[in-house]
Structure formats: structure tokens, C-alpha cells
Protein chains: 2
Amino acid sequence: MERKRFFPKNTMRSATTEIPEKASAIMDAAERRIRTSGYNGFSFREIATDVGVKSSSVHHHFPTKPALAAAVARRYTDRFEAALAKAKSVEDWRAVFRKALVEDGQMCLCGVLGAESGDLPAEVSAEARRFFRRSLKALGQLYGPPSAVSRQSALRVMAMLEGAMMLARTLDDPSVFEEATRNLP
Amino acid sequence: MERKRFFPKNTMRSATTEIPEKASAIMDAAERRIRTSGYNGFSFREIATDVGVKSSSVHHHFPTKPALAAAVARRYTDRFEAALAKAKSVEDWRAVFRKALVEDGQMCLCGVLGAESGDLPAEVSAEARRFFRRSLKALGQLYGPPSAVSRQSALRVMAMLEGAMMLARTLDDPSVFEEATRNLP
DNA sequence: GTCTATAATTTGATAGAC
DNA sequence: GTCTATCAAATTATAGAC
């Protein structure tokens with residue numbers, strides 16, 4: 001028994017993202033594929049199959065592949081920042097990366113994009129760059145006011161977390177992540 | 001004026017690799033492409049164009065795409081180990097990564113493959129795994145005989161170098177690598 | 001919004017002449 | 001070993017009916 005709706009079904013917005021349900025499902029599928037195979041490793045048809053529609057319907061929501069990937073990266077950055085908005089220590093950061101790796105078995109989306117950023121569409125590499133600029137700024141604040149020292153600490157931690165994730169996945173051994181990131185500065 | 005040859009021209013071997021000249025040129029092109037765009041980011045036709053032949057000629061030297069990528073990764077590992085055979089400190093390791101990044105503007109081949117290792121052909125991901133296993137072993141020896149401590153040091157340094165490379169490339173700023181990897185343990 | 005149909009291109013791979 | 005020619009499949013993307 002459905003209750004009366006304040007909005008027609010198709011235009012309902014999720015409380016957090018303001019993105020239509022179907023577009024959200026498409027982005028979910030695309031995010032999973034990109035985090036597994038990279039930007040060049042997914043197709044509109046795969047995404048369509050994942051969601052249960054045809055590829056032309058995916059194009060209706062996202063006109064081009066770069067546009068879809070950029071939207072996914074932007075949402076990823078938003079969620080990442082929300083998850084770490086209240087982070088008090090580098091251990092909170094470590095926990096977010098660990099969770100993605102161990103529970104979801106996934107890489108950092110922007111780590112994957114960054115690795116192949118050599119010839120990514122401009123709008124996609126721009127989102128990857130934005131992710132790291134913002135993350136480094138937030139991470140640096142854990143080490144005091146902006147300075148050469150706090151910046152270096154942020155760079156070291158970010159490099160470590162991203163590198164450890166890639167190593168753990170390649171070696172198919174989560175303990176690699178635990179070992180590499182134990183006792184971060 | 002050519003001197004007499006001991007081998008027909010086509011089967012001359014390079015002194016270091018024992019790989020025919022043409023196959024070597026194909027691997028050079030493939031390596032450059034993979035380190036820029038990843039495994040899913042290159043095609044036989046692009047490689048053929050780079051080398052100045054047709055794609056069917058590439059297939060003559062390497063029957064399939066996974067076979068070509070695996071051969072490239074194997075040769076990369078060999079060269080990497082040769083370059084670091086006499087390494088006395090972690091600074092030597094850092095120098096090799098820096099050179100690739102700054103002088104050649106390229107990522108670590110196996111770092112790129114590792115990032116998209118989620119659905120790589122088995123023979124390709126196996127080579128990426130082999131690269132890191134062997135590298136970690138060699139790197140650990142800088143920190144004394146095999147132990148939990150030397151293993152952890154190797155993991156930390158490797159994660160840092162790979163992560164710093166990816167960060168520097170994504171942000172298009174070599175100083176990111178310098179900062180992140182200054183004063184490695 | 002989703003579908004069918006299709007265009008235009010690219011992909012990995014093979015057959016066979018030279 | 002390299003070429004031409006070709007294949008079957010997949011790719012991104014668009015037009016238009018419902």
C-alpha cells in the first residue's frame with residue numbers, strides 16, 4: 001500500500017545526493033566497474049546490463065562516457081569527504097581505506113583513475129586531481145595549520161594508503177595493507 | 001659497409017635480452033602505452049602504428065594481447081632487478097622511481113597493472129604479482145635478514161614509492177614525489 | 001524514460017599471398 | 001616476416017517510436 005507521494009516516482013530525490021534513483025543505480029554500477037577495471041575497462045553495455053536496462057537508456061542519463069565517469073568521480077569525492085568530515089586522526093583515514101579494501105574488495109576510485117591518468121579525458125582526470133587536492137588539504141589539517149611540514153605529512157600518508165591498497169590488491173592479501181600502514185605518522 | 005654476420009639479420013639477438021629486434025621494438029611500444037593508459041588502454045593497431053608495421057605483424061610476434069602484456073611485464077621485471085641489483089640503500093630505489101617519473105614521465109608498469117588488476121587476464125596479473133613479490137624480497141634485504149620487521153619496512157617503502165608516483169602523476173607535479181618520499185625509513 | 005534499430009568505428013584475431 | 005583482406009564481436013553514440 002503506497003502512501004501519497006509529494007513528488008512523482010521518477011523524480012524522487014535521495015536525501016543525500018539529490019540524484020534520481022535510476023541515475024544513482026547507473027553510477028553505482030559504473031563505480032564498481034571502474035574501481036575493478038579502470039576507466040578503459042568498462043562499457044555502457046555492461047553498465048546497462050548491471051542495472052537492467054539498455055545502453056541507450058544509460059546515454060539518456062549520461063550523454064557520454066567521460067560525463068558518466070566524471071559524475072561518478074565527483075560523487076565519490078563527496079562521499080569520501082562526508083565519511084571523513086569528523087576524522088580526528090590518521091587512524092580514521094586508515095579505517096576508511098581498509099573498509100573499502102577488505103569489506104568491499106575495491107580500490108580507491110581515484111587511485112585507479114590516477115594510475116591511468118596519462119590519457120584520460122580531461123574532465124575525468126580533472127576530477128581525480130580534485131579528489132587528491134581536497135583530500136591532501138583535509139589530511140594536512142590533522143597535522144596542524146598549513147605549512148611545509150603538514151603538507152609533507154599529508155603527502156606521505158596519502159601515498160602510503162594508496163600504494164598499500166594497490167599492493168594488497170595485486171598480491172591478493174589484505175594483510176599487506178595492514179602491515180604497510182601500521183603506525184602511520 | 002657491413003661486416004659478416006654470424007647470424008642472419010632477422011635472428012640477431014640483443015646482448016642483454018635475447019629477444020629479436022622487432023619483437024623488442026613492439027615491446028617497447030607496448031610498454032610505453034601500458035604505462036600511460038593501462039592494459040585496457042592500448043590496442044594492437046596502435047602498437048603496430050608506433051612500430052611502423054601492420055597489426056597482423058604484431059600478432060606474428062605475440063599471438064594474443066595477454067601474451068604481449070605478460071612478455072612486457074616479464075622484461076620490465078628483469079630490467080628493474082638488473083637496475084637495482086647493486087642497490088645499497090633505499091635511496092637507490094628512490095632514484096630509479098624518480099628517474100622513470102621525472103625523465104620519462106612514466107608510471108611503474110606493474111603499478112598501473114596492479115591498479116586495474118581486478119579483471120586482468122590471469123597471465124598478466126601473475127606477472128604483476130611476481131614483480132612485487134620479488135621486489136619486496138630484494139627491498140627487504142636492505143633491512144637485514146628476512147623477518148617481520150624487514151618485511152614491514154619493504155612493504156612501507158614500496159607502498160610509498162608506488163603511491164607517490166601515482167600522486168605525482170595525477171597532480172602533474174614531480175615535487176609531490178620528492179616531498180612524499182623524502183627521508184624514507 | 002525506455003525501447004528498437006542502426007550508424008560508424010575499433011577491437012582482437014585469422015587466412016593466405018608474397 | 002610482412003602484407004592485404006577479412007571476420008565477428010564490441011564500442012560509443014544517435015534517431016525516433018511508444
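Letters A, B, ... mirror the listed sequences (proteins, then strands); counts begin at 1.
The nearest whole Å value for the distance from the CG atom in Asn40(A) to the C1' atom in dG12(C) is 16 Å. Atoms NZ (Lys54(A)) and P (dC3(C)) sit 7 Å apart, rounded to a whole Å.
Contact record, Phe132(A) with Leu167(B): CD2-CD2, 3.4 Å, taken as the closest heavy-atom pair. Here the closest heavy-atom approach between residue Ala70(B) and residue Glu127(B) is recorded as O-CG, 3.7 Å.
Under the 4.0 Å criterion applied to side-chain N and carboxylate O atoms, Arg134(B) and Glu81(B) are assigned as salt-bridge partners.
Under the rule for a salt bridge (Lys or Arg N to Asp or Glu O under 4.0 Å), the partners of Glu178(B) that lie at least two apart in sequence or sit in another chain are Arg94(B), Arg98(B).
Residues in residues 34-50 of chain B take part in these salt bridge (charged side-chain N to carboxylate O under 4.0 Å, His left out) pairs, two or more places apart or across chains: Glu31(B)-Arg35(B), Arg33(B)-Glu46(B), Arg33(B)-Asp50(B).
Proximity of His60(B) to the phosphate of dT14(C): no side-chain N or O atom is located under 4.0 Å from OP1 or OP2.
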Reading nucleotides 10-15 of chain D from 5' to 3' and marking B where a protein heavy atom lies under 4.0 Å of the base, S where only the sugar-phosphate is that close, and - otherwise, the string is -BBBB-
